[in-house]
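Beneath this line is the structure, given in structure tokens, with notes to follow.
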Amino acid sequence: MAVFGERLFLSLDNKNSVIPATLVWLPTSGSSTAPPKLAPFQSWHLHKKDDCNSIQKATGIETDTDGRLWVVDDGSMVCPGKLWVFDLLKNDKTERIHQFPDTVVSYSYDNRRLSYIVLDKTPNDYLAYITDAKSEHIIVYNRKMDKSWEARQLYLRRSYSNEQYSVSVSELKNEGGSVAVKFIGEWTARPYRMLIDSADVLYAAFYNQSYTSKWNISEPFSEQRFHEVGRLDAFWPSTFALDTNGNLWMTHSNKSGGGIRHKLLKAAVGANSYLCSTSTDSS
Ligand SMILES: *[C@@H]1O[C@H](CO)[C@@H](O)[C@H](O)[C@H]1NC(C)=O
Ligand SMILES: *[C@@H]1O[C@H](CO)[C@@H](O)[C@H](O)[C@H]1NC(C)=O
Ligand SMILES: *[C@@H]1O[C@H](CO)[C@@H](O)[C@H](O)[C@H]1NC(C)=O
């Protein structure tokens with residue numbers, strides 16, 4: 001999930017190939033409580049199955065403060081993995097299509113699983129960190145050649161575990177080098193979605209749990225309940241995104257009682273996306 005301006009973007013899981021578009025959007029405003037219609041992004045022409053000029057399987061998505069939408073595309077059996085960048089301020093124009101070389105992300109569909117993305121705003125540009133859950137690599141992509149930036153931390157978790165880790169971003173920029181992974185602490189469940197706001201609060205959503213938690217990363221690791229509802233019975237119960245007006249947007253997938261219902265919630269947390277952060281903390 002990602003938000004920019006008046007639009008909220010979602011990538012949809014297409015496990016059984018029944019969803020015609022894996023990247024969609026809906027308006028953030030409007031007073032109607034009727035279920036909103038999802039619009040394909042940019043339009044239907046970008047959602048042709050097994051056409052490698054189309055998005056095959058959008059997974060991680062993120063918006064930056066300059067109005068770009070970054071989309072990780074895990075591809076298909078016939079199409080390789082890609083990173084798409086769109087300019088939302090220029091009629092959603094496609095700004096970049098980066099096809100990962102085979103040496104970075106396997107062309108063989110069974111040997112890759114591109115999933116999450118976070119962005120790092122450097123003085124002149126952006127870097128993207130993308131997880132490949134199959135090869136267990138973090139792919140670093142720089143939009144231009146970067147110059148320099150403060151040492152910062154990238155937060156990640158271990159697969160199939162509640163453990164939270166971090167790595168120093170400055171170490172990741174050394175192509176071909178290795179990085180030290182630091183253990184931070186243990187959550188009460190397995191997180192799959194994490195997000196940091198401009199006040200350095202990390203939010204986490206957990207597999208199979210109907211609550212979300214938070215941790216102030218300026219302090220020693222300590223899990224606090226952020227939001228909790230009754231039973232949801234969903235494997236991926238929630239996701240969230242921050243806009244630039246101090247709102248946290250959150251979805252709930254409710255599978256209890258058969259079928260599946262999605263709810264969209266909004267909370268004024270008074271902080272923005274981590275990309276708006278002015279923090280120079282290098283801890
Ligand atoms: C996990 O989810 C399954 C079904 O999705 C459910 O049967 C089970 O009770 C859940 N476990 C916990 C600990 O919530
Ligand atoms: C996070 O912790 C720092 C250090 O204790 C504190 O100054 C800051 O106010 C906290 N932030 C939030 C949002 O609670
Ligand atoms: C989930 O859906 C069930 C069945 O429709 C409903 O009874 C329950 O209240 C819902 N849970 C939440 C947390 O909204």
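Computation of the quantities below employed the complete heavy-atom set of this structure, encompassing side-chain atoms and omitting hydrogens, waters and symmetry-equivalent molecules. Read the numbers this way: they start at 1 and go in the same order the structure lists the ligands and their atoms.
- Remark: side-chain polar atoms of D74 are paired, donor with acceptor, to backbone N or O of L114 under 3.5 angstrom.
- Checking only distances, N254 does come within under 3.5 Å of ligand 3, N or O to N or O.
- Nearest protein heavy-atom neighbour of atom 4 (C) of ligand 3: S256 O, 3.5 Å.
- When distances from atom 11 (N) of ligand 3 to the protein are checked, a heavy atom turns up under 4.0 Å.
- Proximity of a side-chain donor or acceptor of E223 to a complementary backbone N or O of T188 within less than 3.5 Å is detected.
- Side-chain N or O atoms of D102 include one that pairs as donor or acceptor with a backbone N or O of Y107 at under 3.5 Å.
- You'll find the side chain of I19 stays beyond 4.5 Å of the side chain of V24, heavy atoms only.
- Of all the atoms in ligand 2, the ones that sit under 4.0 Å from a non-hydrogen atom of S218 are 2 (O), 3 (C).
- Per-residue contacts place G230 under 4.0 angstrom from the following atoms of ligand 3 (heavy atoms of the residue considered): 13 (C).
- With hydrogens left out, the protein atom closest to atom 5 (O) of ligand 2 is E219 OE2, 2.7 Å, a heavy atom.
- Although no hydrogens or angles enter the test, the distance criterion places no donor-acceptor pair under 3.5 Å between the side chain of D200 and the main chain of I217.
- Counting heavy atoms under 4.0 Å from ligand 3, residue H252 does not touch it at all.
- Under a 4.0 Å criterion applied to the non-hydrogen atoms of V229, ligand 3 contributes the atoms 13 (C).
- Counting protein heavy atoms under 4.0 angstrom from atom 7 (O) of ligand 3 gives zero.
- The distance from ligand 2 to the heavy atoms of N216 drops below 4.0 Å at these ligand atoms: 1 (C), 2 (O), 3 (C), 8 (C), 10 (C), 11 (N), 12 (C), 14 (O).
- Only side-chain heavy atoms of V201 come within less than 4.0 Å of ligand 2; its backbone N, CA, C and O stay farther off.
- W236 and Y207 have tilted rings, their planes meeting at an angle from 30° to 60° on a 0 to 90° scale.
- In the model, H262 has a side-chain atom that pairs as donor or acceptor with a side-chain atom of S253 under 3.5 Å.
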